[in-house]
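Worksheet: one structure, shown below.
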Amino acid sequence: MRLSRYFLPILRETPKEAEIVSHRLMLRAGMIRQESAGIYAWLPLGLRVLNKINAIVREEQNRAGAVELLMPTIQSADLWRESGRYDDYGKEMLRIKDRHERDMLFGPTNEEMITEIFRAYVRSYKDLPLNLYHIQWKFRDEVRPRFGVMRGREFLMKDAYSFDLDEAGARHSYNRMFTAYLRTFARLGLRAIPMRADTGPIGGDLSHEFIVLASTGESQVFCHKDFLDYEVPPADIDFDDASVMQGVFDTWTGRYAATEEMHDKAAFEGLPADAQVSARGIEVGHIFYFGTKYSGPMKAVVNGPDGKETPVQMGSYGIGPSRLVAAIIEASHDDNGIVWPDSVAPFHVGLANLKVGDAGTDAACADLYARLEQAGVDVLYDDRDERPGAKFATLDLIGLPWQVIVGPKGLADGKVEVKRRRTGEREMLSPDDAVRKIAG
RNA sequence: CGGGGUAUGGCGCAGCCUGGUAGCGCAUCUGCUUUGGGAGCAGAGGGUCGCAGGUUCGAAUCCUGCUGCCCCGACCA
């Protein structure tokens with residue numbers, strides 16, 4: 001993409017409403033624009049990152065055996081009356097009426113709808129287990145939205161719903177998603193630690209929040225330092241093997257880890273002093289098992305092997321991609337701007353022509369641009385007639401993993417500069433070597 | 001939902017107290033110079049001063065009401 005033809009509205013000054021670093025940087029880098037409190041338009045650069053995250057989330061959901069569908073944002077109130085949540089949900093739910101004065105709502109989540117879909121088609125235990133997910137916009141009318149997309153009212157959520165015949169099956173489904181989440185966050189360049197969450201009236205040990213450690217995190221968390229080194233399950237792990245999945249779960253829940261709400265001070269202080277990690281954290285995922293909470297009242301039942309009807313055992317699994325964009329920035333930035341992990345960067349490399357209009361740099365850039373694109377690398381080519389300083393500042397701000405800087409000085413030696421954003425490391429290479437280094 | 005702020009060009013702000021018809025920096029446009037870490041000079045365009053009433057010869061400025069947005073707290077993916 002040529003920057004001269006792109007839409008990248010960089011701000012030099014920080015809008016005053018932005019408090020936390022991810023919000024500031026997202027506004028400055030032209031990723032989002034606030035349209036109302038807690039409601040944002042995603043500008044091209046932001047959308048690219050969001051789509052990259054979605055793609056990784058999808059791959060890992062599919063790998064774990066979940067199946068994608070897409071449910072609407074607007075739901076009928078009747079569905080929620082069936083589960084009893086229409087009255088329970090309170091003002092967080094945005095309620096609307098259609099032209100026929102029917103009660104509708106902008107979905108804050110989809111348990112009711114997925115249960116309705118399931119019960120409409122599935123009759124036999126032979127169709128289980130089943131895990132359906134979608135990635136869709138949700139709306140929760142927060143009293144006080146803040147921190148940009150970290151705590152918006154409209155937000156994108158991947159929510160998966162598992163259906164099993166019995167509790168053992170449900171536990172396996174839970175463990176699959178647990179494993180998929182570990183892989184997903186790792187691929188996004190994050191270290192996420194599963195922490196035991198409140199299970200509410202269901203009880204049991206099957207609810208976890210996945211917390212990313214970041215100094216600017218919203219809540220205080222406590223964990224054993226071993227979590228920082230645990231190995232993430234490999235891509236070829238057998239999701240169908242219940243004992244393998246249970247092993248992952250046991251490992252990753254075997255040490256102390258809790259958010260402030262669930263914190264057990266005595267237990268934490270019982271750990272060796274050098275194993276105690278007390279840090280700030282951001283919740284990026286939440287999974288839970290809730291049995292027949294919805295399948296019971298909504299009559300989502302299957303015939304078991306014994307011919308008897310039983311309500312299905314359900315669980316749900318959420319990840320917030322829009323929030324993740326901010327969380328990744330919180331965990332990965334410096335004074336000059338964002339530092340994207342390779343896997344979610346909006347472009348892989350920024351190509352800066354330091355002297356637009358100079359035959360030498362123009363030709364060298366055109367050549368590099370074509371070759372990198374041909375090699376399948378996403379390039380943002382800064383071909384604007386700007387001063388070098390402005391280009392450096394822009395590239396650092398938007399945080400592309402690689403920068404290729406082409407100026408007359410280097411070119412005189414047949415070299416271009418290749419800079420790694422994360423480390424600041426730079427080297428002068430021939431265009432051939434530069435392409436090889438970045439594409440190879 | 002309680003408490004506190006704030007609203008002036010795309011962004012950041014001054015002007016308001018003491019009413020006289022809007023200004024600064026950045027950004028944008030034009031020209032010349034400049035070109036390896038957010039350039040310089042000269043010129044230009046862009047604002048019904050959040051909205052609605054009121055006071056006044058005259059309101060960004062004073063009064064009343066409303067709304068948006070932000071911050072702290074309670075709440076939350």
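In what follows, chains carry the letters A, B, and so on, assigned in the order in which the sequence lines appear, proteins first and then strands, with residues in each chain numbered from 1. FYI, side chains are in, hydrogens and waters are out, and symmetry mates aren't considered; it's all heavy atoms of this structure.
Base-pair partner of A74(B): not found among the strands shown (Watson-Crick or G-U wobble, both distances under 3.5 Å). Here U18(B) sits opposite no nucleotide as a Watson-Crick or G-U wobble pair (both hydrogen-bonding atom distances under 3.5 Å).
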Protein-nucleotides 5-8 of chain B N/O pairs under 3.5 Å:
none

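Across all strands, Glu209(A) comes closer than 4.0 Å to no nucleic acid atom at all (heavy-atom distances). Across all strands, Lys138(A) comes closer than 4.0 Å to no nucleic acid atom at all (heavy-atom distances). Residue Glu13(A) is classed as a base contact, given a heavy-atom separation below 4.0 Å to a base. Contacts of Gly337(A) with the nucleic acid, taken as non-hydrogen atoms under 4.0 Å apart, are absent.
With values rounded to the nearest 0.5 angstrom, Tyr174(A) atom OH is found 8.0 Å from Tyr317(A) atom OH.
Partners of Ile39(A) by side chain to side chain contact (heavy atoms under 4.5 Å, CB included), not counting sequence neighbours, listed by chain and number: Ser36(A), Phe139(A), Arg153(A), Glu154(A). The ring-ring contact (aromatic ring centres under 6.0 Å, His included) check on Phe163(A) picks up Phe118(A), with sequence neighbours excluded. Applying the side chain to side chain donor-acceptor pair (under 3.5 Å) rule to Arg191(A) yields no partners; only residues at least two apart in sequence or on another chain are considered. Not counting sequence neighbours, the partners of Lys138(A) by the side chain to side chain contact (heavy atoms under 4.5 Å, CB included) test are Asn110(A), His134(A), Gln136(A), Phe155(A), Met157(A), Asp159(A). With sequence neighbours left out, Arg387(A) forms a side chain to side chain contact (heavy atoms under 4.5 Å, CB included) with no residue at all. Contacts of Arg436(A) classified as salt bridge (Lys or Arg N to Asp or Glu O under 4.0 Å), with partners at least two apart in sequence or in another chain: Asp433(A). By the side chain to side chain donor-acceptor pair (under 3.5 Å) test, His286(A) pairs with Ser207(A), Glu283(A), sequence neighbours left out. A search for side chain to side chain contact (heavy atoms under 4.5 Å, CB included) contacts involving Tyr86(A) returns Ala77(A), Trp80(A), Arg81(A), Met93(A), Arg95(A), Asp103(A), Leu105(A), not counting sequence neighbours.
Distance Arg146(A) CZ to G4(B) P: 18 Å, rounded to the nearest Å. For the pair Arg153(A) CZ and G68(B) C1', the computed distance is 11 Å after rounding to whole Å. As a whole-Å value, the separation of Ile20(A) CD1 from C72(B) P is 11 Å. Across the protein-nucleic acid pair, Phe7(A) atom CZ and U28(B) atom P stand 14 Å apart, rounded to whole Å. Across the protein-nucleic acid pair, Arg33(A) atom CZ and C69(B) atom P stand 13 Å apart, rounded to whole Å. Taking atom CD on Glu218(A) and atom C1' on A74(B), their separation rounds to 16 Å, with Å as the unit.
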So if I define the base as every atom that isn't primed, P, OP1 or OP2, how would nucleotides 30-40 of chain B read as a B/S/- string at a heavy-atom cutoff under 4.0 Å?
----B-BBBB-
Taking only distance into account, with no hydrogens and no angle test, what donor-acceptor pairs under 3.5 Å do side-chain atoms of residues 253-268 of chain A form with protein atoms, sequence neighbours excluded?
residue   : atom : partner   : partner atom : Å
Thr253(A) : OG1  : Phe249(A) : O            : 2.6
Arg255(A) : NE   : Asp226(A) : OD2          : 2.8
Arg255(A) : NH2  : Asp226(A) : OD2          : 3.3
Tyr256(A) : OH   : His263(A) : ND1          : 2.7
Tyr256(A) : OH   : Asp264(A) : N            : 2.7
Tyr256(A) : OH   : Asp264(A) : O            : 3.4
Thr259(A) : OG1  : Glu261(A) : OE1          : 3.3
Asp264(A) : OD1  : Ala266(A) : N            : 3.2
Asp264(A) : OD1  : Ala267(A) : N            : 3.1

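A salt bridge is defined here as a Lys NZ or Arg NE, NH1 or NH2 lying under 4.0 Å from an Asp or Glu carboxylate O, and Asp334(A) with Arg421(A) meets this definition.
Contact check of residues 34-51 of chain A against RNA chain B (heavy atom, cut-off under 4.0 Å) returns Gln34(A), Ser36(A), Ala37(A).
Between Gly285(A) and Val143(A), the residue whose closest nucleotide on RNA chain B is further toward the 5' end is Val143(A).
The 12-atom threshold is exceeded at CD of Glu35(A), counting heavy atoms of other residues, nucleotides or ligands nearer than 6.0 Å.
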